[in-house]
Amino acid sequence: HQVQGQGGQIGPALDNIGSKYEPEFLTKWLTDPLSIKPDSKMPKLPLTEADIVELTAFLSQLKGGQ
């Protein structure tokens with residue numbers, strides 16, 4: 001993923017993700033993306049609960065161009 005043009009080439013840009021999804025959805029997605037979208041290319045990552053809380057907070061702030 002990329003944010004503000006920085007990052008990898010796999011997956012969509014995340015610049016506006018906080019405007020598209022509520023924090024609860026992001027938490028579920030980060031916990032187990034395949035439970036939400038079985039054909040997702042995003043694997044279930046070995047994230048701790050603390051990682052998920054931090055990532056959800058970060059992603060929730062991305063509301064376009066930030």
Side-chain angles (χ1 to χ4, degrees):
H1 297 285
Q2 288 190 4
V3 175
Q4 296 182 349
Q6 300 289 317
Q9 299 297 314
I10 298 174
L14 299 177
D15 295 309
N16 200 33
I17 196 90
S19 294
K20 292 181 180 180
Y21 299 106
E22 295 294 322
E24 294 80 14
F25 175 86
L26 295 172
T27 297
K28 285 182 181 180
W29 181 261
L30 292 168
T31 300
D32 187 4
L34 298 174
S35 72
I36 295 171
K37 186 178 178 192
D39 63 341
S40 176
K41 293 181 182 179
M42 182 164 165
K44 183 175 179 177
L45 301 172
L47 301 171
T48 66
E49 188 173 329
D51 293 336
I52 291 169
V53 168
E54 267 188 66
L55 280 168
T56 296
F58 173 74
L59 294 171
S60 294
Q61 293 177 28
L62 299 178
K63 298 190 177 188
Q66 291 184 8

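We're numbering straight along the sequence, starting at 1. Fair warning: this is a prediction, and the values are worked out from it, not measured in the lab.
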(request) Provide the closest heavy-atom pair for Thr56 versus Pro23 in the form atom of the first, atom of the second, distance. (result) CG2-O, 3.5 Å
(request) Measure across Leu30 and Met42 and return the closest heavy-atom pair with its distance rounded to 0.1 Å. (result) CD2-CE, 4.3 Å
(request) Give, for atom OG1 of Thr31 and atom NZ of Lys44, the distance between the pair rounded to the nearest 0.5 Å. (result) 8.0 Å
(message) With a 4.5 Å cut-off on side-chain heavy atoms, are Val3 and Asp15 touching?
(response) yes
(message) What's the separation between atom CZ in Phe58 and atom CG in Leu14, rounded to the nearest 0.5 Å?
(response) 8.0 Å
(message) Closer than 3.5 angstrom, by distance alone: can the side chain of His1 be matched with the main-chain N or O of Ala13 as a donor-acceptor pair?
(response) no
(request) Answer whether the closest heavy-atom distance between the side chains of Ile36 and Phe25 falls below 4.5 Å. (result) yes
(request) May I ask you to test the Leu45-Asp51 pair for a side-chain heavy-atom distance under 4.5 Å? (result) no
(request) For atom CD of Glu22, decide whether the heavy atoms of other residues, nucleotides or ligands shown that lie under 6.0 angstrom number more than 12. (result) no
(message) Please report the interatomic distance CD1(Ile17) to CG(Leu62), rounded to the nearest 0.5 Å.
(response) 8.0 Å
